[in-house]
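Here's the structure, in structure tokens; my notes come after.
Whatever order the structure lists ligands and atoms in, that order sets their numbers, starting from 1. These numbers come from the heavy atoms of this one structure, side chains and all, not from hydrogens, waters or symmetry mates. Each residue takes its place number in the sequence, starting with 1. Remember, predicted model here, so these are calculated numbers, not experimental data.
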Amino acid sequence: MDNRPIGVLDSGMGGLTAVRELLKILPEEDIVYFGDTGRVPYGTRSAEIVTQYAMQDISFLLSKDVKLVIAACGTVTTTLPEELTGRFRFPYTGVLKPTVRTALAATRNRKIGVIATATTIRTGAYERELKRLCPEAEVISGACPLFVPLVENGYVDRQNPVTRMVAEEYLAPIRAAGVDTLILGCTHYPVIAPILADVMGEGVTLVDSGKAAADYARSMLAEAGLLTGRKSRGSCSYYVSDAPDDFARNASIFLGERFGGEVGRIEITNYPDTIV
Ligand code: DGL
């Protein structure tokens with residue numbers, strides 16, 4: 001039993017897709033969320049920069065004495081090398097493995113689409129992991145760099161013509177390949193899932209990487225005996241590196257009545273980019 005909070009990080013509001021699920025499945029847990037809104041997007045940056053930012057984000061969460069770090073960010077997950085994350089002395093999970101497992105359980109024709117940031121697609125991590133677990137899988141990947149700024153700017157309404165047009169353009173080759181499962185490999189994308197579902201058409205399962213990571217986190221905590229013993233509702237503290245009011249507005253649209261509490265601003269560059 002462990003009453004310390006769960007730490008969740010992302011470059012911006014994408015990680016709220018994991019928080020939304022955590023609030024549903026682990027309502028008694030406390031959560032500390034960090035969105036690096038001052039440095040978003042990560043998904044167009046080099047591996048060196050993403051690694052440096054991610055380590056600072058993790059250092060901040062560790063300063064809040066979290067019992068588990070969830071990198072609810074496809075870009076961070078696929079960029080941090082396993083030699084590095086394997087040495088962490090605290091429980092850690094990213095989104096890649098749980099998302100791939102969920103997609104393989106969902107597919108019937110083994111044709112799987114992967115959409116994510118340019119940095120994530122460049123790593124080839126989703127394709128590698130899918131093929132490792134299912135060598136006969138056919139994987140069609142595409143980078144969708146405009147989705148993150150659209151989400152961060154609140155262009156998320158199902159009828160939004162701009163986001164819909166961009167989605168049509170990005171998803172055309174993936175739809176044409178006949179996939180029956182589409183991995184939303186960037187945690188920002190589930191925020192616009194209704195638009196993506198409309199564009200992909202019926203019969204295609206969308207896999208939410210934030211939700212998959214949250215579900216996996218629950219089993220990790222349960223197995224390690226780290227779930228809270230509290231019976232009352234937990235609290236959620238949000239921190240960002242810039243523009244807390246914008247974050248609060250968009251977060252409350254996304255989380256609805258589940259969103260509550262203050263959003264604090266921190267100076268993320270004050271946190272070390274190495275973890276000992
Ligand atoms: N939500 C993140 C991801 O899952 C980051 C997107 C970005 O900052 O470009 O990749």
Side-chain angles (χ1 to χ4, degrees), residues 7-22 33-58 61 69-80 85 92-100 102-103 113-127 129 141-156 163 166-167 170 182-193 196 206-214 216-217 238-243 246-247 250-251 254-255 268:
V8 182
L9 69 89
D10 181 49
S11 61
M13 64 172 290
L16 295 179
T17 54
V19 170
R20 180 166 66 170
E21 180 70 5
L22 288 172
Y33 183 87
F34 175 64
D36 197 1
T37 51
R39 304 190 291 195
V40 67
Y42 283 8
T44 50
R45 299 181 196 274
S46 66
E48 290 70 29
I49 293 290
V50 172
T51 304
Q52 184 199 339
Y53 288 179
M55 297 304 268
Q56 287 179 321
D57 303 346
I58 293 171
L61 290 177
V69 172
I70 305 177
C73 174
T75 308
V76 167
T77 305
T78 55
T79 298
L80 292 188
T85 58
Y92 166 87
T93 182
V95 297
L96 176 69
K97 289 184 178 172
T99 304
V100 163
T102 308
V114 179
I115 54 171
T117 65
T119 302
T120 291
I121 296 298
R122 230 185 355 254
T123 66
Y126 271 100
E127 181 152 2
E129 185 66 7
S141 304
C144 304
L146 292 175
F147 283 164
V148 168
L150 287 168
V151 168
E152 289 290 325
N153 285 285
Y155 280 47
V156 298
T163 305
V166 173
Y170 281 147
L182 178 65
I183 290 180
L184 310 186
C186 166
T187 52
H188 278 71
Y189 300 177
V191 179
I192 51 167
L196 305 179
L206 303 190
V207 181
D208 174 338
S209 50
K211 177 180 182 314
Y216 181 69
Y238 300 90
Y239 297 89
V240 294
S241 49
D242 200 8
D246 290 350
F247 179 87
N250 285 334
F254 180 62
L255 292 178
I268 191 63

Parallel, tilted or perpendicular for Phe147 and Tyr189, by the 30°/60° rule?
perpendicular
Do the side chain of Thr51 and the main chain of Leu80 share a donor and acceptor less than 3.5 angstrom apart?
no
Run the side-chain hydrogen bond (donor to acceptor under 3.5 Å, both in side chains) test against Arg20 and tell me which residues pass, sequence neighbours left out.
none
Donor-acceptor under 3.5 Å (Thr77 side chain, Leu96 main chain):
no
Please tabulate, line by line, the atom pairs linking an N/O of ligand 1 to a protein N/O at a distance below 3.5 Å, with the distance in Å to 0.1, or answer 'none'.
{"unit_1": "ligand 1", "atom_1": "1 (N)", "unit_2": "Asp10", "atom_2": "OD1", "d": "2.9"}
{"unit_1": "ligand 1", "atom_1": "1 (N)", "unit_2": "Thr187", "atom_2": "OG1", "d": "2.9"}
{"unit_1": "ligand 1", "atom_1": "1 (N)", "unit_2": "His188", "atom_2": "ND1", "d": "2.7"}
{"unit_1": "ligand 1", "atom_1": "4 (O)", "unit_2": "Gly74", "atom_2": "N", "d": "2.5"}
{"unit_1": "ligand 1", "atom_1": "4 (O)", "unit_2": "Thr187", "atom_2": "N", "d": "2.8"}
{"unit_1": "ligand 1", "atom_1": "4 (O)", "unit_2": "Thr187", "atom_2": "OG1", "d": "3.3"}
{"unit_1": "ligand 1", "atom_1": "8 (O)", "unit_2": "Ser11", "atom_2": "OG", "d": "2.6"}
{"unit_1": "ligand 1", "atom_1": "8 (O)", "unit_2": "Tyr42", "atom_2": "N", "d": "2.7"}
{"unit_1": "ligand 1", "atom_1": "9 (O)", "unit_2": "Tyr42", "atom_2": "N", "d": "3.3"}
{"unit_1": "ligand 1", "atom_1": "9 (O)", "unit_2": "Gly43", "atom_2": "N", "d": "2.7"}
{"unit_1": "ligand 1", "atom_1": "10 (O)", "unit_2": "Gly74", "atom_2": "N", "d": "3.4"}
{"unit_1": "ligand 1", "atom_1": "10 (O)", "unit_2": "Thr75", "atom_2": "N", "d": "3.0"}
{"unit_1": "ligand 1", "atom_1": "10 (O)", "unit_2": "Thr75", "atom_2": "OG1", "d": "2.6"}

Taking the side chain as every heavy atom from C-beta outward, state whether Leu9 and Asp36 have any atom pair closer than 4.5 Å.
no
Passing option when Thr75 is tested against Thr187, Thr117, Thr123 for side chain to side chain donor-acceptor pair (under 3.5 Å)
Thr117
